[in-house]
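Worksheet: one structure, shown below.
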Amino acid sequence: MSNANGKAATGFPDKISAKANPEASEATDIAGNIIYHAKYSPHFSPLKFGPEQALYATAESLRDRLIQLWNETYVHFNKVDPKQTYYLSMEYLQGRALTNAIGNLDLGGPYADALRKLGYELEEIAEQEKDAALGNGGLGRLASCFLDSMATLNLPAWGYGLRYRHGLFKQLITKKGQEEVAEDWLEKFSPWEIVRHDVVFPVRFFGNVEINPDGSRKWVGGDVVQALAYDVPIPGYKTKNTISLRLWEAKVRAEDLDLFQFNEGEYELAAQLRSRAQQICTVLYPGDATENGKLLRLKQQFFLCSASLQDIISRFNERSTEGSRKWSEFPSKVAVQMNDTHPTLAIPELMRLVMDENGLGWDEAWDVTSRTVGYTNHTVLPEALEKWSQSLMRKLLPRHMEIIEEIDKRFVQTIRNTRVDLEDKLSTLSILDNNPQKPVVRMANLCVVSSHTVNGVAQLHSDILKAELFVDYVSIWPNKFQNKTNGITPRRWLRFCSPELSDIITKWLKTDKWITDLDLLTGLRQFADNEELQSEWASAKAANKQRLTQYIERVTGVSIDPNSLFDIQVKRIHEYKRQLMNILGVIYRFKKLKEMKPEERKKTVPRTVMIGGKAFATYTNAKRIVKLVNDVGDVVNSDPEVNEYLKVVFVPNYNVTVAEILIPGSELSQHISTAGMEASGTSNMKFALNGCLIIGTLDGANVEIREEIGEENFFLFGATADQVPRLRKEREDGLFKPDPRFEEAKQFAKSGVFGSYDYGPLLDSLEGNTGYGRGDYFLVGYDFASYMDAQAEVDEAYKDRKKWLMMSILSTAGSGKFSSDRTIAQYAKEIWNIEACPVP
Ligand code: NBG
């Protein structure tokens, strides 16, 4: 390997001398500091300074600076003692950190120069970094965007999560379709985390409840493991404020190793507790088909909640100078936000800590808890609304089960006393579902009953929550329910992933303030049909498409035409997201192209359809969809008549880093879920921000995106959410009449042109009118006709270059609302009641 100067990239560059310089901001000093880390905080043997060594040393040099800002932020928050927000989430999809940290610290130029002195390009070094993929999809990426905005807005806030050793699995595409491989972001180590050996809390599992003579209760016995804090710095954009993502790791103490047993040769027995502790943070979402799997997931959730709350309480108490603080002040110092129901156990755990460990009575504890916790709902899909078996909960968390029962009892009593009209609704409103077949705890109900605020993540979703899922609660607490439309950070999702487009925007707006005040993008509207802007816009898009073209060639071997329309759908594979509709549309297009004469084909708009996303390992139909897309790609891409006009690519292993390449290079993206089912979607916002047009249904945040960018700039199709129940009913009654194009596409898919794999079971989900896994629950058939019509409109629009570019500019110009800065400012004001606390 040779470096930019043509020298072999081994050994330390001699010209630059190693010199610790944590505050370096000039290229030469930075280079010296990088070399210093390579030499004196080594992780590799000393002979080589390859790209990997350079990455770790560069990250460490940057970390020096972050630590300084981070410490200042800690100290400042501690001094001012503001109310703080604690964001509890089982998922964070952080992606890579290097480019983001350099960008937020505004050190892009000096770092690029420093690395060049060492023989490297910054981009090359950045590419060495593995994604921190501690999440599944939108919910986890939202949490990461929120952290970026909290830091940028100087808010006193923390993220809390788990330090999974293996993040989300790596997706391999083989002849069989998707295969999962364990991912290993910690294989070497992460340069971004700092272990805090002084921040350790015990977390108990199992055991039993003891009743003291005074009637108070105490949870004792069982297993006790230790939660150890690992902190990841979250720098704000061009501000000193640097906050923490605190990730818990499960450990045991030395004395938990049974030395006696060990010396008897009983090694496994002696280390049992250690091995049980290690399981907790091994993987994100372990399979939960077995009882063991369920138990482990519940352990993970409780581990996060218990460790975080003990930490929060100790911070609350340590501030008190004149003795202990009053508990009634707790909610004016602490806001806990539960990201979906996964951290629901924060409720009974806070109750327990306050009552059993601190001696408060029920009423005071309830007052403290219910004024502290807020709940964000992220889905209305019934299968995603968590329900835990009561017996499992009683076994693992006996004291919490008691507390939940008491909360439920009191809630039911209040309703009986005050709302006789709701008496018959109690079977769905209560927290406990005591169905003797399968008694469960309904976590969403526990959240709604206990939280001061419940919010949805897009206007339509919040409306549905109020009108359907939580309708009766709304009649009890009309002011509890809010909407907070999701957002994305404009730093990662435009400024850093598309510097070309960013520079053009800055040039035309004559300011780069849009990076923290995204509404300024509306200033582009007046230039939307300006030829000069359009041509610059087109060249930035072309550069991004070129980069994407090379990426696709590298990871899939498929060569695509950078002049074709780039059409992308990337998200988790799920039937409600309807990747199946997309691929059936492609199949239909392929069939029509095959039937055309060559001169007719020449008149069509060449397209490259890219689909990417992971299927949950046990979700059979999702995996079949992945297989189908790959098989269609194989046939289409090697068809000499058609492949000039159509390519189909399955983009493997979709993650944050891949998104950063795909989104800037996209021209059309598909957000085509059955209306009412996608709570918000956030990639739709990223695509729109990058000047990509959307084909989509009136679902989730699509509704608001269309409002903001103008309906003439959005390719709309499909049934609306309020029509869906009637359409399902009509289907059941045998009244559905399919569009001939739909039948033709399905027939062609079944005909064997795409290989020998049996697609019958997948396509059967679209057949029949009733029955489990049949009857087209997601309305692919109903929406197919208007979907194909909208796709035809896309082709027409693309033929008109000028018009398309104008629509693209208007998409970006209308995306200001979807900054996570806006979302977080609203949470801060309307839910958390916290204020900015900038480090001076
Ligand atoms: C997901 C929704 C998305 C939404 C994200 C972030 C869950 C449970 N929900 O539509 O499906 O954008 O949350 O709010 O992961």
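Numbering of ligands and ligand atoms starts at 1, following listing order. Residue numbers count from 1 along this sequence.
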So what's ligand 1 close to, N/O to N/O, under 3.5 Å?
residue: ligand 1; atom: 9 (N); partner: H378; partner atom: O; Å: 2.9
residue: ligand 1; atom: 10 (O); partner: E678; partner atom: OE1; Å: 2.6
residue: ligand 1; atom: 10 (O); partner: A679; partner atom: N; Å: 3.4
residue: ligand 1; atom: 10 (O); partner: S680; partner atom: N; Å: 3.0
residue: ligand 1; atom: 10 (O); partner: G681; partner atom: N; Å: 3.0
residue: ligand 1; atom: 11 (O); partner: Y576; partner atom: OH; Å: 3.4
residue: ligand 1; atom: 11 (O); partner: E678; partner atom: OE1; Å: 3.1
residue: ligand 1; atom: 12 (O); partner: G681; partner atom: N; Å: 2.8
residue: ligand 1; atom: 14 (O); partner: H378; partner atom: ND1; Å: 2.6
residue: ligand 1; atom: 14 (O); partner: N486; partner atom: OD1; Å: 2.8

Once side chain to side chain donor-acceptor pair (under 3.5 Å) is applied, do any residues pair with S815, and if so which ones, sequence neighbours excluded?
none
Where do Y654 and G612 come nearest, in terms of heavy atoms and distance?
CB-C, 4.2 Å
For Y777 and R728, test the side chains for any donor-to-acceptor distance below 3.5 angstrom and give the result as yes or no.
yes
Where is the tightest heavy-atom contact between L162 and L247, given as atom of each residue plus distance?
O-CD2, 3.7 Å
Of all the heavy-atom pairs spanning I243 and L147, show the shortest one and how long it is.
CD1-O, 3.9 Å
Give the C-alpha distance, both sets of side-chain angles, the deciding distance and a yes or no for side-chain contact (heavy atoms from CB on, under 4.5 Å) between V703 and E707.
CA-CA 6 Å; V703 178; E707 261 164 35; 4.0 Å; yes
